[in-house]
Every structure is written in C-alpha cells, then in structure tokens.
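Remarks on the structure that follows.
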Amino acid sequence: MGTEMNKTYNPAEIEERLYQKWLDKKYFHAEVDRSKKPYTIVMPPPNITGQLHMGHALDNTLQDILIRFKRMQGYNALWQPGTDHASIATEVKVTNKLKEEGISKEELGREGFLKRTWEWREEYGGRIVSQLKKLGSSADWDRERFTMDEGCSEAVQEVFIRLYEKGYIYRGSRIINWCPVCQTSISDAEVEYEDQAGFFWHIKYPVIGSDQYVEIATTRPETMLGDTAVAVHPDDERYTDLIGKKLMLPLMNREIPIVADTYVDKEFGTGAVKITPAHDPNDFEVGKRHDLPEINIMNDDGTINKNGGKYAGMDRYEARQAIVKELTELGLLVKIEPHNHNVGTHDRCHTTVEPLVKKQWFVAMEELAKPAIEAVKNGELRFVPQHFDRTYLHWLENIRDWCISRQLWWGHRIPAYYCADCGEITVSPTKPEACCKCGCHNLTQDEDTLDTWFSSALWPFSTLGWPKQTEDLDYFYPTNVLVTGYDIIFFWVIRMVFSGYEHTGRSPFQDVLIHGLVRDELGRKMSKSLGNGIDPLEVVNQYGADALRLTLVTGNAPGNDMRYSEKKILASRNFANKVWNASRFMLMNIEKADLSDVTLDDLTPADKWILSKANTLVKEVTENMENYDLGVAVSKLYDFIWEEFCDWYIEMVKPRLWNDEDASKGAALYTLKNVLIIALKLLHPYMPFITEEIFCSLQDEEESIMISRWPEFREDYNFKEEENEVEVIKTAVRNIRNMRADMNVPPSKKAKVYVVSEKQEILDIFDRSSVFFATLGYASEVIPQTDKSGIPEDAVSTVIPDAVIYIPFADLVDLDKEIARLEKEAKRLAGEIKRADGMLHNEKFLSKAPAAKVEAEREKLAKYTAMADQVNARLAQLKG
RNA sequence: GAGCGGUUAGCUCAGUUGGUUAGAGCGUUGCGUUGACAUCGCAAAGGCCGAUGGUUCGAGUCCAUUACCGCUCACCA
C-alpha cells in the first residue's frame with residue numbers, strides 16, 4: 001500500500017481478495033478447544049430458493065458483527081451456517097419448472113420428482129450462500145449444513161418418534177387450514193389475515209312442520225351445502241320455541257336441527273347461525289358439543305365435491321354465485337348487506353385458505369409450551385429489546401396444537417407406517433419388518449412430509465450433531481444469541497425454544513436479538529409486487545460491503561424498522577473514504593520513521609489526549625456491544641474517528657510531521673498509529689474489509705485484524721490533565737474561528753492572538769500550544785499575558801473560562817457587529833447563570849441532590865459568572 | 001376486541017441507569033482548495049422532545065390519562 005494508495009477507497013479491488021484470504025487461513029473455522037470459552041451463533045438458515053434481500057443483509061450483518069467482536073475478544077467463536085429446504089417454496093419452484101417442460105409432478109412420480117428437486121438444489125441451493133459471503137460473513141462454511149442432510153434428517157426422525165411415543169404427536173381428524181392452490185394443509189402461523197370487502201347474505205331456512213322460517217346470515221353461502229344444524233343462543237327469546245325443532249336445509253333438502261349454544265352472539269346478525277362443522281373452526285367445536293355430523297363438501301382443489309349435490313365440480317366461488325342465484329329464485333334470499341371481514345390467506349401464495357376437516361398429524365402443544373413460557377419468565381431466555389417477550393408469551397399462552405403434516409413430497413417424510421390388515425400405525429425411522437400389532441408385512445409409509453419448521457425447530461442442536469452426544473454439541477451448545485426479525489418469532493423462535501427444552505433440557509440460546517424490517521425510502525415494505533426492493537448485491541458492487549453494513553446498523557435501535565436510502569449509503573461510503581484517507585495520510589508520513597524507542601513519556605499533551613479519548617472509547621464501545629447497542633457503539637466510533645481523530649488530532653499533529661527537526665515527530669507517529677489501530681480494531685466488526693486492508697498495511701507483525709486482540713481499557717492510557725488541556729485549546733480555537741466567521745475575516749488574513757489570564761497554568765497552555773493556533777486558528781502569533789497591555793482598543797474579543805482572547809484586525813472596526821456578538825454571548829451566559837443560580841437557591845436541591853451534583857453547579861455558576869463579568873466589562877468598554 | 005411500538009430539528013433517526021446547554025446524518029445558509037480526503041474543511045441557522053396531569057430538588061427519560069400513526073394477535077357466523 002504505502003503512498004501509492006488510491007485517493008479514494010475502492011472496495012471492489014480488495015473485498016474478494018481479503019475474503020479469500022480469510023477462507024484460506026481458516027479464520028472462520030472453529031474447533032472444540034477446551035482452553036477457550038465458546039461463543040456460538042446459529043445462522044437462521046436461508047431458503048435454498050432464496051435470493052439475498054435487505055432482510056438477510058441486516059440479519060447477517062448483525063450476526064457477523066457479534067461473532068467478529070467475540071472472536072477478537074478471545075472467544076472460540078462459531079457461527080454455524082446452513083440452508084433450509086423450504087418445502088413449499090421449493091416444491092412450487094420445481095413444479096413450475098417441470099410445467100414449463102410440459103411435465104406434471106404426478107407424471108414424474110414421487111421418486112422422480114425428488115430426484116429432480118435434489119438436482120435443483122445442487123444447482124441453485126448454494127446461490128444464497130455465495131451471496132451471503134459477499135457481505136463478508138465470517139460463518140464457518142466448513143460446517144455448512146442443510147435441513148435435509150443426513151444428520152438433520154436423523155434428528156427429525158428421532159424427534160418425531162420420541163414425541164410420538166410420549167403421546168405428544170398424534171394423528172387425528174381436526175379442522176385445519178387448507179390451501180387449495182398449494183393443496184396442502186398449513187399451520188395457524190402460516191395463515192395471514194387480510195381485511196376484505198365482502199357481503200352478508202341473509203337466507204331463510206324453513207322450519208319443518210310450520211310455515212315459519214329462521215333467517216340466518218352468512219359470508220360464505222356455499223358452505224351451506226355442508227350445514228348440519230342452525231344454532232341460537234339458549235337465552236334468545238326469539239328462538240326459544242324453536243330449539244329442538246328441525247329445519248329444512250334449502251337446496252340440499254336435508255333436515256337439520258336447531259341447537260342451543262352459548263357460542264352464538266344474540267346481538268350479531270340475526271342471532272341464528274348456520275353450523276358447518278367441516279368448514280369452520282367454531283362450527284367444528286359446536287358440532288362436537290352437539291354431536292353433529294361433519295359433511296365435507298370440498299375437494300382438495302377448492303371445488304365442490306359429491307356431497308354438494310348438483311354443485312359438485314364447481315369452484316367454490318362459482319358455487320357461491322350459483323347458490324345465491326338459486327336461493328333468490330326460490331325466494332329464500334332475504335337481503336344482501338355489504339360486510340367487511342377478515343379472510344385467512346396462505347402467506348406464500350395469498351390464496352384464501354379453506355378451513356376443513358382432515359386427518360393430519362399434530363403436535364400437542366400444551367405441555368411443550370410450559371418450559372418455553374417459564375424460560376422467559378425466569379430470565380433464562382432474554383429478548384432484546386425486552387418487550388418482545390410479550391409477543392412471545394401471548395402466542396405461547398394461547399397456542400393451539402401444531403399441524404405438522406404437509407401434502408408435499410419435498411421434505412422429511414413422516415416416519416409412520418400403516419398396516420393394511422389391521423390399520424395399526426407403526427412409527428419407526430426405517431420401514432419396519434412387520435406391523436407392531438398384527439405382525440403382517442403389509443405396510444405402507446405415510447405419504448405426507450413434515451412442516452419445514454419442524455426441522456428448523458431443531459436447527460441449534462441438530463447442526464451440532466444431536467441426537468448424538470457429540471463433542472461439538474457438548475461444547476458449543478447452547479448457543480449464545482439468536483439474531484432474527486420480529487416477523488419470525490412465531491414460526492421459528494418459539495419452536496426452537498420448546499424443542500430445545502424438550503430434547504436437550506435447555507434453552508437453545510440465552511438471548512434473542514430482534515431486529516426490524518428494512519423498508520424503502522418511503523417507509524414501505526420492500527416487495528416484489530411493488531418493485532421497490534433494493535438488491536444488496538448491487539449496493540455491495542457499487543459502494544462496498546462495508547458501506548452497506550454500516551448503513552444497516554447506523555442509527556437503528558434493536559427491534560425497530562429502518563428505512564434504506566441512497567443518502568444513507570452515501571454517508572457510509574464517505575465514512576469509509578474518510579477512514580481510508582486518514583490512514584493514507586499516516587502511511588505517507590510513517591514510512592521512514594522508526595518508532596521502536598517511543599514511550600508514553602515522549603508523548604505531548606495532544607498525543608496523550610487522543611490516546612486517553614481512544615481509551616475511553618474502547619470501554620464504551622465494548623460495553624455497548626455487550627448490550628447489543630450496536631448502533632450506539634458504531635456512532636461513537638464514527639464520531640471519534642471523524643471528529644476527534646481526523647478533524648482535531650490529525651490537524652494538530654501536521655506541523656510536527658512536516659518538521660523533521662521536531663523532536664516529537666516520532667511521538668506523533670507513534671500515537672497516530674496506535675490510536676488508528678485501536679479505532680480500526682473497534683471498527684472491524686462493522687467494516688471488516690477496509691479495516692483489514694489498512695491494518696495489514698500499517699504493521700507487519702500481525703497477519704490479520706480479524707484474529708487480533710480486541711482492545712482493552714488501560715489505566716496507563718488515562719490522561720485527565722491532558723484531556724483538559726486540549727479541551728481548553730479546542731474551546732479557544734472554536735471561539736477564534738467563530739469570531740472570525742462572524743466578522744467575515746477570510747482564513748488568508750492572519751492575525752495576532754492575545755490571551756489574557758490571571759492563571760499561569762492557562763497561559764502556559766497557550767504558550768506551548770501556539771502552533772495549533774497558527775494552523776487551526778490562523779494566528780500569526782500567540783501572545784499570552786496577565787494584563788491587557790499592548791492590546792489595541794478595537795480588538796475583537798471572546799471569553800473562555802479563565803481567559804479572554806483578543807484579536808486585533810488591522811482594518812476591521814465594525815463596532816456594532818462586535819457589540820452584537822458580545823451581547824449574544826452575554827445573553828447566553830446570563831441564561832446559564834440564572835439557571836445555576838436558581839438551582840443553588842433551591843433549598844430542596846441543596847438538601848436532596850447528591851453533593852457532587854451541587855458542587856458541580858457551584859463551579860458552573862462561578863465559571864459563568866466570571867465569564868459574564870469579562871464579557872460585560874468588554875461591552876462597557878466598547879460602548880463607553 | 002386485546003397486546004405492542006412510534007410521535008424528538010425541514011427530512012431520516014439516535015438518545016444506555018431521571019441530572020438541568022437534547023445529538024447525528026442528510027438538507028439549508030455563509031466562508032474556504034498548492035501538501036489525507038470536495039466522497040473535504042470551518043462556521044451558522046433550525047427543537048417549550050404529540051397533548052394533559054402526576055411522582056421528584058430535577059422528567060425527552062418514570063407513572064396515569066388522551067390524541068394520532070403503525071404493527072401483531074384474535075375475531076361475530
């Protein structure tokens with residue numbers, strides 16, 4: 001690198017090279033090492049069908065920051081990666097591809113289809129992984145896993161069998177959510193409710209043996225084909241006489257009873273509810289209570305089946321129209337009202353879900369949920385930010401049994417075998433020799449596969465070898481933190497937690513760091529349909545992975561959504577460039593220098609000041625990162641590097657570097673280098689590439705920043721006195737600049753700077769810092785003195801604590817402007833004095849506030865009073 | 001219907017245990033470029049921290065009420 005460094009940082013040139021270096025050196029790889037403490041993060045496995053989007057970028061950036069941080073702190077850091085088979089998504093993708101070739105899934109058959117899907121996975125399943133690498137993700141790719149690999153599949157079978165034997169997994173006919181397009185059952189978590197404008201159809205059902213009618217209201221008239229009762233509230237006087245009587249179900253001409261059930265809301269609709277036990281969860285419950293038959297009227301594709309009589313074969317919406325039409329003709333349709341209602345849709349394809357009764361496999365949740373609830377309540381499991389435990393607990397406390405069977409081929413096939421002779425179910429990892437009950441050999445395996453989340457639920461331990469008691473599992477498990485979006489708590493976090501407790505006896509992780517969504521500039525969700533998605537890979541290509549990473553964590557608190565914008569990425573890019581150029585500056589000067597002799601005693605106050613600041617920064621950044629306040633930590637780093645280090649320290653140090661005679665040149669370079677290295681190390685987790693590139697150029701002892709030691713707070717880097725001294729200089733410089741800007745004096749116009757103070761130590765500071773005022777305050781000369789002798793009457797002045805600064809400008813005597821300036825200063829000080837004085841006259845403040853606080857206010861008051869006196873004296877002089 | 005979050009500068013957002021002068025980036029205004037960076041520097045303007053009440057010596061921060069916005073869950077067929 002050296003002086004030939006480019007003037008601007010060019011990430012494209014270095015990222016790939018450095019990432020390859022890290023891979024070659026095996027820095028990402030972790031092995032069991034009992035001499036070190038483990039730190040483990042398990043990566044949420046992206047779908048093999050996935051393309052990297054901003055959500056992945058954020059999620060993985062956060063994890064990479066944490067894992068790099070901990071690795072540098074000396075932990076044996078393992079970031080366990082892998083991918084998810086994504087049953088429905090992949091099956092749909094492959095099915096569609098086949099369709100293009102003119103082949104149907106069924107034609108191919110199960111085995112042929114699976115073969116094709118594995119091929120598809122071979123070809124495309126690694127795409128998302130290579131995309132994650134572009135972000136700089138330091139996951140242990142040697143350990144990459146797949147939810148359907150041998151080990152994970154074994155874990156799935158083991159869990160299924162254990163839960164089955166414990167009675168927690170059962171097979172039963174229950175109402176489930178059915179997607180007529182995907183033609184599979186889905187779990188409650190996969191149903192997304194949408195507000196839709198619909199109608200209320202009021203229909204008359206004739207009472208048998210009278211000329212009366214009962215009027216019901218429904219949003220789904222087609223389901224009446226499956227009605228097996230009408231329910232009313234037992235206390236509803238309008239209907240008491242009718243309870244127990246029969247109705248003639250129109251169109252089907254089926255006799256159905258009128259039952260009384262408190263489920264019915266008297267106030268709503270007509271107070272009479274048609275009951276379709278096979279197609280509505282509530283009706284299903286009513287049906288159970290009253291022993292009503294369940295008539296399934298629908299085929300798997302959403303068309304009406306033979307139970308729907310003449311409507312058989314029609315699509316569900318077609319049937320609805322036909323039924324309404326016919327009811328109208330029969331004079332049974334009373335009215336149609338507009339009605340908004342929530343419609344359940346499948347979260348993948350947004351098809352309206354059809355609740356229907358089917359024989360499926362379920363996990364009984366009641367017992368499993370208990371330890372997961374307890375974990376959060378007793379603090380074993382902690383959400384960051386904490387309020388997400390409410391969401392978590394609410395879901396768990398109201399959890400229903402989990403429908404885990406899917407009518408798909410791609411996935412873990414349910415390890416259950418049915419006996420053709422006696423009907424007994426045998427659950428076994430491999431096909432059993434014989435039926436466990438009758439001993440016959442006529443066994444067939446269940447056709448269904450398991451919900452994708454069934455295997456994801458085991459991810460934190462299945463990837464480490466479970467059910468085998470491996471070394472990895474023993475050492476790396478439980479993991480330390482799980483990083484994921486709030487949208488995934490129900491699907492995944494909850495299921496991992498109860499699975500962890502059930503199968504390993506402990507929570508799979510201690511902390512759950514929740515992040516929000518990355519939205520577009522207008523605050524909208526990024527989506528394909530809106531076309532407002534921003535491709536992280538394009539951003540990486542254009543601005544570099546570091547800039548993207550920085551953008552994603554800056555100014556964002558855990559759990560909050562953030563907006564992505566071009567402006568933000570530019571700011572990050574500019575920061576990278578700033579870091580680059582500060583380093584470039586250093587390298588241009590350091591080449592020939594020998595710093596081996598420099599010790600802390602050689603440092604000037606400015607050197608000690610920046611070192612001390614850097615030291616404090618180390619402490620704060622480390623603490624913030626331990627608390628997952630990554631945004632806070634990085635903004636402190638940003639401010640330190642840009643303001644303190646670049647704008648002040650480098651500027652202060654320049655004259656020393658340009659002067660080869662300066663005895664403190666070596667100390668300056670020594671400090672520049674050390675502080676820069678501290679800053680780079682702290683920054684590395686956020687911006688791994690640029691920090692590595694610079695680090696390697698800066699020194700030749702260590703081969704990589706990513707395995708270097710995280711800086712620690714050092715008592716010997718604590719220089720309070722020097723910090724104060726530089727604060728005095730900074731304040732003076734700022735005031736001088738301010739003064740000059742107010743008076744419209746161009747920098748080219750140098751001027752003498754007089755400093756008047758009664759305190760010798762203040763004068764000494766200015767005496768030895770005159771060079772700073774020459775470069776930073778455009779001073780031709782700095783003259784510290786105890787009185788005002790020799791200072792021209794019309795000099796412009798400014799007051800700092802314990803001193804007054806005068807600058808005489810030869811041809812500048814805009815008295816009014818100067819008076820206005822000073823009056824503004826006086827006003828500000830008066831405000832401060834009033835405030836401090838008020839506090840100090842408050843008896844309760846004096847008696848109740850901590851003594852140090854009171855003392856601090858006293859000091860402030862004294863300081864401001866003295867300053868105000870100076871300003872007012874000067875004002876009096878100018879006015880007089 | 002229930003739960004949660006937000007409301008702070010023109011815009012986008014920080015603000016860690018309450019400490020009295022509330023911060024950043026972008027934008028705006030003025031000045032500035034021969035030796036790190038114009039992807040830059042210097043300076044400035046701009047906020048009674050949604051409203052009301054309370055606790056406290058002290059509230060952007062804690063409590064209560066309320067308004068608006070957003071999210072999630074549960075739903076009345």
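Throughout, a chain's letter reflects where its sequence line sits, starting with A, and its residues are numbered from 1.
- RNA chain B is contacted by A:Tyr638, A:Trp642, A:Cys646, A:Asp647, A:Ile650, A:Glu651 of residues 637-653 of chain A, taking any non-hydrogen atom closer than 4.0 Å.
- A:Lys266 comes within 4.0 angstrom of no nucleic acid atom, judged by non-hydrogen atoms across all strands.
- Using a 4.5 Å heavy-atom threshold, the side chains of A:Ile690 and A:Pro11 count as separate.
- Using a 4.0 Å heavy-atom distance criterion, A:Tyr263 is classed as a base contact.
- The distance between atom NE2 of A:His394 and atom P of B:G1, rounded to the nearest whole Å, is 15 Å.
- Residue whose closest nucleotide on RNA chain B sits further toward the 5' end, between A:Glu192 and A:Asn842: A:Asn842.
- Between A:Lys824 and the phosphate of B:A45, there is a side-chain N or O to OP1/OP2 separation shorter than 4.0 Å.
- To the nearest angstrom, P of B:C73 lies 10 Å from CG of A:Asp487.
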A:Ile736 and A:Tyr778: CA distance, side-chain angles, deciding distance, side chain to side chain contact (heavy atoms under 4.5 Å, CB included) verdict: CA-CA 9 Å; A:Ile736 291 168; A:Tyr778 321 104; 5.6 Å; no

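- Here A:Arg400 pairs with A:Asp188 under the salt bridge (charged side-chain N to carboxylate O under 4.0 Å, His left out) rule; sequence neighbours left out.
- Taking the side chain as every heavy atom from C-beta outward, A:Leu513 and A:Pro558 approach each other to under 4.5 Å.
- A salt bridge links A:Lys274 to A:Asp227: one of the charged nitrogens lies within less than 4.0 Å of a carboxylate oxygen.
- Separation of the P atoms belonging to B:C13 and B:C31 is 33 Å when rounded to the nearest angstrom.
- Residues forming a side-chain hydrogen bond (donor to acceptor under 3.5 Å, both in side chains) with A:Glu651 (at least two apart in sequence, or on another chain): A:Lys654.
- When the side-chain nitrogen and oxygen atoms of A:Asn574 are compared with OP1 and OP2 of B:C40, one or more of them lie within a distance under 4.0 Å.
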Sugar-phosphate or base contact per nucleotide [nucleotides 11-20 of chain B; S, B, -; heavy atom under 4.0 Å]: -SSSSB--BB

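- The gap from the P atom of B:C48 to that of B:A74 amounts to 42 Å, rounded to the nearest Å.
- Residue-nucleotide stacking is present for A:Trp658 and B:G35, judged by a side-chain ring centre under 5.5 Å from the six-membered base ring centre and planes under 30° apart.
- Screening residues 189-198 of chain A for salt bridge (Lys or Arg N to Asp or Glu O under 4.0 Å) gives A:Glu190-A:Arg406 as the qualifying pairs, with residues at least two apart or on separate chains.
- Residues A:Ala668 and A:Val653 share a closest heavy-atom pair of CB-CG2, 3.6 Å.
- Within the 4.0 angstrom heavy-atom criterion, no nucleotide atom of any strand lies near A:His279.
- By the side-chain contact (heavy atoms from CB on, under 4.5 Å) test, A:Phe200 pairs with A:His202, A:Ala217, A:Thr219, A:Phe268, A:Glu337, A:His339, sequence neighbours left out.
- Residue A:Asn738 places its side chain closer to B:A43 than to any other of B:A74, B:A43, B:A77.
- Comparing B:C75 with B:C63, their P atoms sit 31 Å apart, to the nearest whole Å.
- To the nearest whole angstrom, the two P atoms, one in B:U61 and one in B:G15, are 14 Å apart.
- Within the 4.0 angstrom heavy-atom criterion, base atoms lie near A:Lys578.
- The salt bridge (charged side-chain N to carboxylate O under 4.0 Å, His left out) test applied to A:Lys636 returns A:Glu620, not counting sequence neighbours.
- When the side-chain nitrogen and oxygen atoms of A:Arg734 are compared with OP1 and OP2 of B:A43, none of them lie within a distance under 4.0 Å.
- With sequence neighbours excluded, no residue satisfies salt bridge (charged side-chain N to carboxylate O under 4.0 Å, His left out) with A:Lys817.
- Within the 4.0 angstrom heavy-atom criterion, base atoms lie near A:Arg573.
- Taking atom CE of A:Met5 as the reference point, atom P of B:A36 lies 13 Å away to the nearest angstrom.
- The salt bridge (charged side-chain N to carboxylate O under 4.0 Å, His left out) check on A:Arg519 picks up A:Asp561, with sequence neighbours excluded.
- Here the P atom of nucleotide B:U72 and the CG atom of A:Leu396 are 19 Å apart, to the nearest Å.
- For A:Asp283, the side-chain contact (heavy atoms from CB on, under 4.5 Å) partners at least two apart in sequence or on another chain are A:Tyr263, A:Ile275, A:Thr276, A:Asp280.
- Residue order along RNA chain B, read from the 5' end via each residue's closest nucleotide, puts A:Trp395 first among A:Phe268 and A:Trp395.
- At the heavy-atom level, A:Ala582 lies under 4.0 Å from base atoms of the strands shown.
- One C1' atom belongs to B:U72, the other to B:C11, and the distance between them is 28 Å to the nearest Å.
- The separation of B:U55 from B:G18, taken at their C1' atoms, amounts to 12 Å, rounded to a whole angstrom.
- A:Asp265 comes within 4.0 angstrom of a nucleotide base, judged by non-hydrogen atoms across all strands.
- One C1' atom belongs to B:A2, the other to B:U8, and the distance between them is 29 Å to the nearest Å.
- For the C1' atoms, the distance from B:G60 to B:U16 is 14 Å, rounded to whole Å.
- Looking at heavy-atom distances under 4.0 Å, A:Phe388 makes no contact with the nucleic acid at all.
- Residues passing the side-chain hydrogen bond (donor to acceptor under 3.5 Å, both in side chains) test with A:Asp520, sequence neighbours excluded: A:Arg524, A:Asn532.
- Dashed line: the shortest gap from a side-chain N or O of A:Lys654 to OP1 or OP2 of B:A36 is under 4.0 Å.
- Nucleic acid contact class of A:Thr219 (heavy atoms, under 4.0 Å, all strands): sugar-phosphate only.
- For RNA chain B, runs of at least 3 consecutive pairs of the Watson-Crick or G-U wobble type, with both hydrogen-bonding distances under 3.5 angstrom, map to B:1-7 with B:67-73, B:10-13 with B:23-26, B:28-32 with B:40-44, B:50-54 with B:62-66.
- No side-chain heavy atom of A:Leu517 sits less than 4.5 Å from a side-chain heavy atom of A:Leu58.
- Residue A:Arg524 is classed as having no contact, given no heavy-atom separation below 4.0 Å to the nucleic acid.
- Here A:His202 does not reach the OP1 or OP2 of B:A77: none of its side-chain N or O atoms lies under 4.0 Å away.
- Rounded to whole Å, atom P of B:A36 lies 15 Å from atom CG of A:Leu676.
- One can place CZ of A:Arg519 at 14 Å from P of B:G6, the figure rounded to the nearest angstrom.
- Taking atom CH2 of A:Trp580 as the reference point, atom P of B:A36 lies 16 Å away to the nearest angstrom.
- When rounded to the nearest whole Å, the span between CG of A:Leu550 and C1' of B:U39 equals 14 Å.
- Of the candidate nucleotides B:A43, B:A36, B:C37, B:C37 has the atom nearest to the side chain of A:Lys7.
- Residue A:Arg390 has a polar side-chain atom (N or O) positioned under 4.0 Å from OP1 or OP2 of B:C4.
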